[in-house]
Amino acid sequence: MNCRSEALEVSVEGRQVDEAMLALLHTILLHRSTGKFHYKKEGTYSIGTVGTQDIDCDFIDFSFVRVSSDELDRAIRKAVGEFKDAMGNGMDGMGQISLEFYQKKKSRWPFSDECIPWEVWSIKVNVVNLANEQERQICREKVGEKLGEKVINIVEVINRHEYLPKMPTQSEVDNVFDTSLKDVQPYLYKITFQITDTLGSSVSTTMRRLIKDTLAL
Amino acid sequence: MMDSDLSPQDKKDLDKFIKFFALKTVQVIVQARLGEKVCTRSLSSPTGSDWFNLAIKDIPEVTHEAKKALSGQLPGIGRSMCVEISLKTSEGDSMELETWCLEMNEKCDKDIKVSYTVYNRLSLLLKSLLAITRVTPAYKLSRKQGHDYVILYRIYFGEVQLTGLGEGFQTVRVGVVGTPIGTITLSCAYRTNLAFMSTRQFERTAPIMGIIIDHFVERPFGNMGHMRPCNYRAPGEDEGAYNGVEDSQEVCTTSFSTSPPSQCVFTVSKAHLKTPKPAVMDTLKVPMMGLAFSHQLYCSRLSYQPPVLVGAADFCHPSTLNAANPHQMGIPGKEGGVPQQVPVQPCHGAQAEHGRVSSCPPADHVPATPSSSGEGAETLSRSIEVKGVSPCDVLETTFTRKVGAFVNKPGTQVTTASLDLPFAAFAPRAYDLEENDPMVQPPESPATSSPLQGSLHSQGSGESGGPAQDDFVMVDFKPAFSKDDLLPMDLGTFYREFQNPPQLASLTIDVSSQSMAEDLDSLPEKLAVYEKNIDEFDAFVDTLQ
C-alpha cells in the first residue's frame, strides 16, 4: 500500500509556533481518533464516545477543536515543545514537524516489528521575527486566517475517504490503534521533526520574501 | 428502484442514520454559534445515546426546530436541509452570514456497507463539521455577540437559498459520504462582504451600551419570527446530562463486528424514555439574551436619569464604581427630591471632566434603583453623575463609559463658596484615574440629527474621534508605557476591549421610560441654565488645557 503524504506550510512568529502546531495537529488527530474499543464475544465490539473541546489561541486570532483527552493533549504538547526548543527562541528559522500514522506489522524473531506508515502529514514552519506591535497584530490575524485555510485543507484530504486500516480484531488492535490512553483511541501515530538552518543568503532572501508576502497588507 | 439492492434492515438503518445525522449537524452548527466555547467529555464506555460515537449535546429547542423543519421527511435528492445563520443588530438591522446545506445528490455507492462504513464516515463528517464551524468568519462574530448584536439561526427544508449572502460569497465543502441511495454532501456558503459591519465597527469596538431610546420599547428582537437566537437557552436545558434522544425514543446502541462487514451487528433499540414536554417556543419571541439586551437598553436609559444631587456626595452615585476604587460612593437612599440649593459647579466640573455638556441643574428625577445598578454598572457610572443633561447628551455620556476623575472621590464636599476657580476642588489634584482614563469622547451637540452616530463610534478611546466641541476637552488616549510609534495598538486595543464590561441584566428598567419623558420635558430649562453658566465652563476648560 502506498503511504499518503500531505504537506502543509505556515509562516508564524516565534511565540505562535506552539499554538499553530497544536491547532493543526489536534485537528488531524480529531479525525484520526475514535472512542475506546470494547470487545465483546462473537467478534463484536462497541466504541466509546469522543468528546470535543474548543481551544482559543492566545497569540493567534484562531480557535480550534480538539479531542477531550488530557493525555493526548499532553503528548502533543510535549512533542510540540520539543520542536519549539529545537527551533530555538527568537531566531528566524525553518522547521518541519511530521505526524505519521502507521500500522505495526509483527515480524518473526529476530526481526523487530515493522512500522508501516499509511498517512504522513508534514507541516513546514517558517518562523519570523517581527519588529513592532503593529506587525504582530497583523500577524495575529493573518496567521489566524492561514490556519483556517489549513484546517479546510486537512478536512478536504480526510474527506476523500482514502485508505484507512481495517478495523482490527482484539488481538490486532494494538497494531492499528494507540490503546494506551484512557479515554480515546487514536490511530498509532508518531511525531518527528527536523530543523532546517537557513543555508546561504539565497534561501534567506526567498524566505523573507515569502514571509513578507504573507504579511503584506 | 435505486435502493432495490438495499436490504430492508439496511434501508431502515440508513434512514435512521441520515435523520440523526441531520439533527446532530444542526446541533453542532447552532452550538458553534452560541458564542461560548463548547466542551464535552470523552467516555470510554458508550452510553448508547451518543450517536456517531461523538459527545454532542442536544439542545431541546434546536432539535425541536430541526424536526419541525423536516416535518417527518429526510434530506434527500432535491430536498436539502439548511441552517441559516444571521446577525441582527440592536438597531434592527439584520444580515445573513452563512448557510449550511445538507444535501443529497444522485451519485450512489451501492457497494458501501451502511451500518459500518457509512456510519463511520458520517461520524468523520461530523468531526469535520466541528472543525470547520470554527473557521468561517461567523464564528468570531458569534463569540462577540451580546451587546451590539445577536446571532440567530433558521432551519429550513427544501431548496437552498443563498441570495441573502450578498455578492462574492464563498463556499467551503465540509465533506461527502456516499451511500447506496445517494451521496450526502455538507457544505457552507458564507458571506464575505461585511461592508455593513465595517461601518459599524463591530469587530473591534467595545460594546455599545445604548442606542436611541425610542427605538426599542420592549422587545428589540421581537420581530424575529422564525429566527431563533443562537444564545437562547431553553429552561431546564442545563439540568443534568443531555439525553441524545428526545421524543423519538430511539437509542443508538452500536456494536461493530470485526468479522466481515456483512455480519456486522448493529442494534438499534427502542427505549421508552420519558418525553419531556417540549418547551413552548413559539410564543416566546424574545430570546433570553434579547431580554438581557433589553435590560441593557433600559439600564442605559436608567443611566440617563440625572442622579439626585445632594452635596457633592451625589456625584458619587453608588453606581459609580470603578474597578480601581470599588468602594461605594454616594448615598443610595437619596433618591427623589432635588435640593435646589445644590451648587452647580461641581456638576459642571463633573461634566466638563467628562467632556460633557455644560451645566447641570439639580436633577428633578428619581434615579432608578441606584443601589442595584451599582454592581457592575461601570459602564453606566459616568452618565449617572451627569445631571440634567439633555437626553441626547445623556445618551452620549453613556458611551464614554469611562469613570471620570470625580467619580470615586470619597465624599468630597464641594462648596463653591470657598473657591474662586469653579473646579478648584478638583483641578489641582492629580488623580491617578485621570491619567489612566481613556479619552472621554465629547458628545455631539444636541443639534445634530443623529446624536447617536458619533456616540456609536466613541468608545472612550482616542482613535475614533468625534467632532471636537469648543466646550469640551478631548483627551487623547495614550495608554501608559505603550510605544508611540505608529499606533499604540496593543495596549490601546486592550483598553478598549476591556474597558466596557457588559451591562448587568439585573438593573431594572421600569422607571426609565417615564423618566426619559420627564427628561425631555425639562430640556428647555436645562439649556437655559447651561447657557447661563457658560463662562464658568470656559474658565474650567482653560484650567485643563
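So that the names make sense, note that chain A is the first sequence line, chain B the second, and so on, each numbered from 1.
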(message) What I'd like to find out is whether the side chain of A:Phe64 reaches to under 4.5 Å of the side chain of B:Val135, using heavy atoms alone.
(response) no
(message) Check this for me: B:Lys107, atom NZ, are more than 12 non-hydrogen atoms of other residues, nucleotides or ligands nearer than 6.0 Å?
(response) no
(request) Using non-hydrogen atoms and a 4.5 Å limit, figure out which bit of B:Val38 sits close to chain A: side chain, backbone, both or neither. (result) both
(request) Determine whether A:Asn159 and B:Val176 make a side-chain contact, defined as any pair of heavy atoms from C-beta on separated by less than 4.5 Å. (result) no
(request) Please determine, among B:Cys39, B:Ala32, B:Ala131, B:Ser123, the option with the most heavy-atom pairs under 4.5 Å with chain A. (result) B:Cys39
(request) First locate atom CD1 of A:Ile152, then atom OG1 of B:Thr136, and finally report the distance between them rounded to the nearest 0.5 Å. (result) 8.5 Å
(request) Could you tell me whether the side chain of A:Ser63 reaches within less than 4.5 Å of the side chain of B:Lys37, counting heavy atoms only? (result) no
(message) Is any side-chain heavy atom of B:Ser128 closer than 4.5 Å to one of A:His31?
(response) yes
(request) Output the distance between atom OG (B:Ser42) and atom NZ (A:Lys182), rounded to the nearest 0.5 Å. (result) 12.0 Å
(request) For residues A:Ser33 and B:Lys127, report the shortest heavy-atom separation together with the two atoms involved. (result) O-NZ, 2.5 Å
(request) Give a yes or no on whether the backbone of A:Gly48 and the side-chain of B:Ser44 come within a donor-acceptor separation of less than 3.5 Å. (result) no
(request) Any chance you could measure A:Leu30, atom CG, to B:Leu54, atom CG, to the nearest 0.5 Å? (result) 8.0 Å
(request) Supply the atom-to-atom distance A:Ser46 OG to B:Asn53 CG, rounded to the nearest 0.5 angstrom. (result) 9.0 Å
(message) Pair A:Thr49, B:Asp50 - check side chain to side chain donor-acceptor pair (under 3.5 Å), show working.
(response) CA-CA 7 Å; A:Thr49 302; B:Asp50 292 323; 3.0 Å; yes
(message) Within the supplied structure, the quantity of interest is the number of heavy atoms (other residues, nucleotides, ligands) at a distance under 6.0 Å from A:Lys146 NZ; does it exceed 12?
(response) no
(message) For B:Arg173, is the CZ atom crowded, meaning more than 12 foreign heavy atoms sit under 6.0 Å from it?
(response) no
(request) Determine the option with the most heavy-atom pairs under 4.5 angstrom with chain B, choosing from A:Thr52, A:Ile158, A:Val151. (result) A:Thr52
(message) Are the side chains of B:Tyr139 and A:Asp54 in contact, using a 4.5 Å heavy-atom criterion?
(response) yes
(request) Taking the side chain as every heavy atom from C-beta outward, state whether A:His161 and B:Leu124 have any atom pair closer than 4.5 Å. (result) yes
(message) So for A:Val50, is it side chain, backbone, both, or neither that comes closer than 4.5 Å to the heavy atoms of chain B?
(response) both
